[in-house]
Amino acid sequence: MRHASRWLFSAVMALTTLTASPALTFARDTKVEWKSVDVPAGEGQTQRARTLRGLLASAAKKADFGKAKSVVLSARVVEFTSSTRGDVHRVSCTVVGRVVGGPTARSRISFGGRPSERKALEKQVLTMVANGVVGRLAAIVRARETPRD
């Protein structure tokens with residue numbers, strides 16, 4: 001019985017270790033402020049800006065900014081195209097993010113799908129570029145805190 005409980009405890013610990021998300025496990029309570037989120041003028045600008053701001057905030061909660069207590073970031077959509085050609089709808093998006101007072105990071109993706117799923121495809125592309133740019137900005141913040149010899 002004693003060996004069975006040890007084995008069970010070991011199995012539970014191994015399963016917990018394998019299924020735990022490293023991003024959530026190591027994420028710290030860094031206060032992330034988005035100074036600005038700019039989206040070019042056009043059809044659906046306000047809705048797209050609102051969606052992108054929420055996606056950036058969500059991605060920032062999951063990102064590891066290292067030991068930084070607070071970070072001020074900004075993002076700007078450089079390109080956003082959504083067009084249907086034949087039976088394929090293609091969405092392309094480029095976002096440039098900046099650590100205020102520091103370097104920039106760029107995330108670009110182009111993705112295609114069914115024309116009937118245009119809205120979902122646009123949100124998926126915005127989610128991908130938001131995760132990409134926030135991940136790179138977090139890496140920049142972590143690198144800036146590392147002392148250089």
Side-chain angles (χ1 to χ4, degrees), residues 10-149:
S10 296
V12 168
M13 290 304 293
L15 187 61
T16 303
T17 303
L18 291 174
T19 60
S21 170
L24 294 176
T25 305
F26 299 116
R28 292 178 175 76
D29 293 327
T30 302
K31 181 181 179 276
V32 178
E33 177 188 341
W34 288 96
K35 182 178 180 182
S36 65
V37 177
D38 299 325
V39 176
E43 180 184 336
Q45 172 197 9
T46 56
Q47 179 62 30
R48 195 169 296 124
R50 188 178 310 125
T51 301
L52 182 60
R53 184 174 288 276
L55 292 170
L56 288 168
S58 176
K61 286 179 185 176
K62 298 173 190 168
D64 180 12
F65 288 94
K67 297 177 183 175
K69 297 293 181 202
S70 67
V71 178
V72 180
L73 306 172
S74 64
R76 179 173 50 96
V77 176
V78 177
E79 174 214 2
F80 187 87
T81 59
S82 181
S83 60
T84 302
R85 194 176 286 167
D87 61 344
V88 175
H89 188 81
R90 179 152 304 276
V91 179
S92 297
C93 185
T94 304
V95 174
V96 175
R98 175 181 284 281
V99 177
V100 174
T104 62
R106 178 180 294 247
S107 180
R108 181 183 192 299
I109 190 157
S110 183
F111 210 72
R114 293 185 181 130
S116 61
E117 300 170 352
R118 188 182 119 245
K119 289 288 185 190
L121 188 61
E122 288 178 359
K123 185 172 182 180
Q124 181 180 6
V125 167
L126 286 174
T127 302
M128 289 177 179
V129 294
N131 289 337
V133 79
V134 169
R136 180 63 186 122
L137 290 172
I140 289 170
V141 170
R142 286 192 312 268
R144 289 176 77 186
E145 68 189 24
T146 305
R148 294 205 166 94
D149 297 328

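One is the number of the first residue; the rest follow in order along the sequence.
Of all the heavy atoms in Ala60 and Phe65, the pair that sits closest is O-CE1, 3.6 Å. Annotation for Val95 and Ala75: closest pair CG1-CB, 4.2 Å, computed over non-hydrogen atoms. In plain terms, the two heavy atoms of Gly132 and Ser107 that are nearest each other are CA-OG, 3.9 Å. Nearest heavy atom pair, residue Ala63 against residue Val134, reads CB-CG1, 3.8 Å.
When the side-chain hydrogen bond (donor to acceptor under 3.5 Å, both in side chains) test is applied to Thr104, no partner is found at least two apart in sequence or on another chain. Listed by chain and number, the residues in a side-chain contact (heavy atoms from CB on, under 4.5 Å) with Ala105 are Val133, Arg136, Leu137, Ile140 (sequence neighbours excluded).
In this structure, Arg108 and Glu79 have side chains that are in contact, with non-hydrogen atoms separated by less than 4.5 Å. The side-chain heavy atoms of Val77 and Arg48, taken from C-beta on, include no pair separated by under 4.5 Å. The shortest side-chain heavy-atom distance between Val100 and Leu73 does not fall under the 4.5 Å cut-off.
To the nearest 0.5 Å, the span separating CZ on Arg114 from CG on Asp87 amounts to 10.5 Å. Rounding to the nearest 0.5 angstrom, the gap separating the CD atom in Gln124 from the OG1 atom in Thr127 is 7.5 Å. A distance of 7.0 Å separates CD in Gln47 from NZ in Lys119, rounded to the nearest 0.5 Å. For the atom pair CZ (Arg76) and OG1 (Thr94), the distance works out to 10.5 Å, reported to the nearest 0.5 Å.
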Could you walk me through whether Val99 and Arg144 satisfy the side-chain contact (heavy atoms from CB on, under 4.5 Å) test, starting with their C-alpha distance in whole Å, then the side-chain angles of each, then the deciding distance to 0.1 Å, before giving a yes or no?
CA-CA 11 Å; Val99 177; Arg144 289 176 77 186; 3.1 Å; yes

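For the pair Arg85 (side chain) and His89 (backbone), a donor-acceptor distance under 3.5 Å is absent. A donor-acceptor distance shorter than 3.5 angstrom exists from the side chain of Arg142 to the backbone of Asp64, with no hydrogens or angles considered.
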Identify all side-chain donor-acceptor contacts of residues 31-38 below 3.5 Å with residues at least two apart in sequence or on another chain.
none

